[in-house]
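For reference, positions follow the sequence shown, starting with 1.
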Amino acid sequence: AAPVTDTVKRGREGLVMATLDRSNLHLAQTPQAFLFDLIRRAHDEDRGGEATDDAVLMEQAGHKVRLVAPSGPNFKVTTADDLVMVEALLRREGHGQA
């Protein structure tokens, strides 16, 4: 998980409701690593289906989840714009076509 470096605002209906203290905030990344038997059981026990990542399932199952700092860039590719950015970085690094 990467420490949050941006200022984070809590908003509602287009208005800022609060500025969050980012000193204890982290951005979860993938891949995430867990003992197979434990994560499998956590998935099997998930009934709400609203978990956003495996770490949430492990937390809900009562396990402690350790934060591990990333060792390098780890870009999440979700939108077409994200893909364009990654392709540009790969070309800049001399990796040719993405």
Side-chain angles (χ1 to χ4, degrees):
V4 171
T5 57
D6 292 334
T7 297
V8 180
K9 306 287 186 181
R10 179 181 298 124
R12 183 175 40 204
E13 299 176 7
L15 297 174
V16 172
M17 304 308 292
T19 300
L20 304 182
D21 175 6
R22 66 182 178 208
S23 63
N24 291 313
L25 298 177
H26 294 78
L27 300 174
Q29 297 183 334
T30 54
Q32 298 174 349
F34 301 99
L35 293 173
F36 181 77
D37 291 343
L38 296 178
I39 192 61
R40 177 62 171 252
R41 192 173 317 130
H43 273 273
D44 289 344
E45 294 172 357
D46 180 33
R47 299 294 178 244
E50 296 182 13
T52 56
D53 68 359
D54 285 342
V56 171
L57 295 175
M58 293 297 281
E59 293 168 50
Q60 290 172 348
H63 299 287
K64 291 183 179 180
V65 176
R66 181 173 304 279
L67 297 170
V68 178
S71 60
N74 186 8
F75 298 104
K76 183 176 181 182
V77 180
T78 304
T79 67
D81 288 341
D82 296 336
L83 185 57
V84 169
M85 182 176 68
V86 170
E87 288 173 336
L89 288 170
L90 287 172
R91 280 193 295 277
R92 186 182 81 185
E93 296 295 322
H95 295 286
Q97 290 287 348

Starting from the C-alpha separation in whole Å, work towards a yes-or-no answer on side-chain contact (heavy atoms from CB on, under 4.5 Å) for Glu87 and Leu83. CA-CA 6 Å; Glu87 288 173 336; Leu83 185 57; 3.9 Å; yes
Pair Asp54, His43 - check side-chain contact (heavy atoms from CB on, under 4.5 Å), show working. CA-CA 8 Å; Asp54 285 342; His43 273 273; 2.7 Å; yes
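A donor-acceptor pair shorter than 3.5 Å can be found between the side chains of Asp21 and Ser23.
In terms of heavy-atom proximity, His26 sits nearest to Ala1 at CB-CB, 3.7 Å. Residues Pro70 and Gln29 come closest through the heavy atom pair CB-OE1, 3.4 Å.
Under the 4.5 Å side-chain heavy-atom criterion for ILVMFWY residues, a single connected hydrophobic cluster contains both Leu20 and Leu27. Grouping the Ile, Leu, Val, Met, Phe, Trp and Tyr side chains by contacts below 4.5 angstrom, directly or via other members, places Val84 apart from Val77. Using a 4.5 Å cut-off between side-chain heavy atoms of Ile, Leu, Val, Met, Phe, Trp and Tyr, with links allowed through other members, Phe34 and Phe36 fall into different hydrophobic clusters. Following chains of ILVMFWY side-chain contacts shorter than 4.5 Å, one cannot reach Val4 starting from Leu67, and the two form parts of different hydrophobic clusters.
For the pair Val56 and Gln60, the minimum side-chain heavy-atom distance is below 4.5 Å. With a 4.5 Å cut-off on side-chain heavy atoms, Asp6 and Arg22 do not count as touching.
Here Glu59 contributes atom CD and His63 contributes atom NE2; the two are 11.0 Å apart, rounded to the nearest 0.5 Å. Atom-to-atom distance recorded for Asp53:CG and Met58:CE is 11.5 Å, nearest 0.5 angstrom. Between the CE atom of Met17 and the CG atom of Leu15 there is a distance of 7.0 Å, given to the nearest 0.5 Å. Atom-to-atom distance recorded for Asn74:CG and Thr30:OG1 is 6.0 Å, nearest 0.5 angstrom. Rounding to the nearest 0.5 angstrom, the gap separating the NZ atom in Lys9 from the OG1 atom in Thr19 is 2.5 Å.
Members clustered with Leu57: none, using a 4.5 Å side-chain heavy-atom cutoff among hydrophobic residues.
Surrounding CG of Asn24 are at most 12 heavy atoms belonging to other residues, nucleotides or ligands under 6.0 Å away.
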